[in-house]
Amino acid sequence: MTDLHLDEVVRCLGFPEGPVAMADGSLLFVDIKKETLARLGTDGKVDVVAKLPGGPNGVAIGPDGAAYVCNNGGAYGFAEMAPGVTVPTPAPADYKGGSIQRVDLANGAVTTLYPGKGDQPFLAADDIVFDEAGGFWFTATGIQNDEVLRKGGLYYGTIDGKPLKHAVTIPMPNGVGLSPDGKTLYVSDTIFGRLWSFEITGPGEVKTPQIPDKPGDVVQTLPGFQWLDSLKVEAGGRICVGTLFNGGITVFDTDGKTEHVAVPDMFTTNLCFGGADMQDVWITASSTGKILKGRWPRPGLKLAFNA
């Protein structure tokens, strides 16, 4: 892949994530640090759609045209590592858990669909993708400190709030996406630099190997100290994953081959595809508080729903 030319389309954000290219050319995204769901207009202006206390982390449009947000519930603090560079810090000791929220894009009204507490607890809700049937898969990432790792998981929910299905436990799940045929699910495992694949056997159900600590099939594990964040899938089936520390996008072939596309931010957390040919790409350069835009060499996969 040739070098990716990227233009800065917005700056001075807190810690942007969850970009969604909208049908009208605007870009929906969350700001974890500022606790907002916002829209970047085609005029370059950013408008807040809703305030989401805690930590809005991932977004997807549902079949009803509303935005469904993974809120991590304040799983991270933030600290300035260098001038103009902000990075997340570990969860506070009193961290309780996240939630799944619905935001009406017409008026900004927020409702909590799954509170992530009580009899269906999950940790920091992170990334989300809808299937063609209108249900959604989401990850709730694990929580770690210097001594303890609390494992996260992969879940399946519906917009009418039916009981959650816990599909599988994964140490630190982050990005989640579907293959073009909808039969395979991909999940990135952050601190291990690993991409998992899962054969979908039903709504909220995946095939898992009967091997301890092996939730699915390994697509590939990155060498060295590289963490994986959120992801999107290309129309041709490659999986594009935001990569931390070795900042950029790692493109995984289903056979395990990888290619790294450099981005000038050590916390390159997410991306999305849009435009008439699905080759416009927006990338969240989170530690520098920017969103970048360029042209991807191949079309991205159209998501099940848009607004």
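Pairing each heavy atom of Glu234 with each of Phe273, the nearest pair is CG-CZ, 4.3 Å. Across Leu4 and Arg295, no two heavy atoms sit closer than the pair CD1-O, 3.1 Å. Leu28 and Ile61 make their closest contact through CD2-CD1, 4.1 Å (heavy atoms, listed as atom of the first residue, atom of the second, distance). Minimum interatomic distance between Lys290 and Pro16 (heavy atoms only, all atoms of both residues): O-CG, 3.7 Å. What you find for Ile159 and Pro63 is that their closest heavy atoms are CD1-CG, 3.8 Å. Here the closest heavy-atom approach between residue Ala50 and residue Gly108 is recorded as CB-O, 3.7 Å.
Note: Phe305 CZ to Phe130 CZ = 7.5 Å, rounded to the nearest 0.5 Å. Atom CG of Asn57 sits about 12.0 Å away from atom CZ of Phe138, to the nearest 0.5 Å. In this structure, Asn71 CG and Thr112 OG1 are separated by 8.0 Å, a value rounded to the nearest 0.5 Å.
Thr184 and Ser197 share no donor-acceptor pair across their side chains, judged by distance under 3.5 Å alone. Asp265 and Ser287 share a donor-acceptor pair across their side chains, judged by distance under 3.5 Å alone. No hydrogens or angles considered: nothing links the side chains of Gln226 and Thr250 as a donor-acceptor pair under 3.5 Å.
A side chain to side chain donor-acceptor pair (under 3.5 Å) with Thr190 is found for exactly one of Asn174, Thr139, Asp126, Thr141, namely Asn174.
Inter-residue side-chain proximity for Ile200 and Glu205 is flagged as unmet; no heavy-atom pair is nearer than 4.5 Å. Within the 4.5 Å cutoff, the side chain of Thr254 has no heavy atoms near those of the Val219 side chain. By the 4.5 Å heavy-atom criterion applied to side chains, Lys293 and Leu40 are not counted as neighbours.
Heavy atoms of other residues, nucleotides or ligands lying less than 6.0 angstrom from CG of Asp24 number more than 12. In the displayed structure, Lys183 atom NZ is contacted under 6.0 Å by at most 12 heavy atoms of other residues, nucleotides or ligands. Around atom NZ of Lys257, no more than 12 heavy atoms belonging to other residues, nucleotides or ligands sit under 6.0 Å away.
Relative orientation of the His166 and Tyr155 rings is tilted, given thresholds of 30° and 60° on the angle between their planes.
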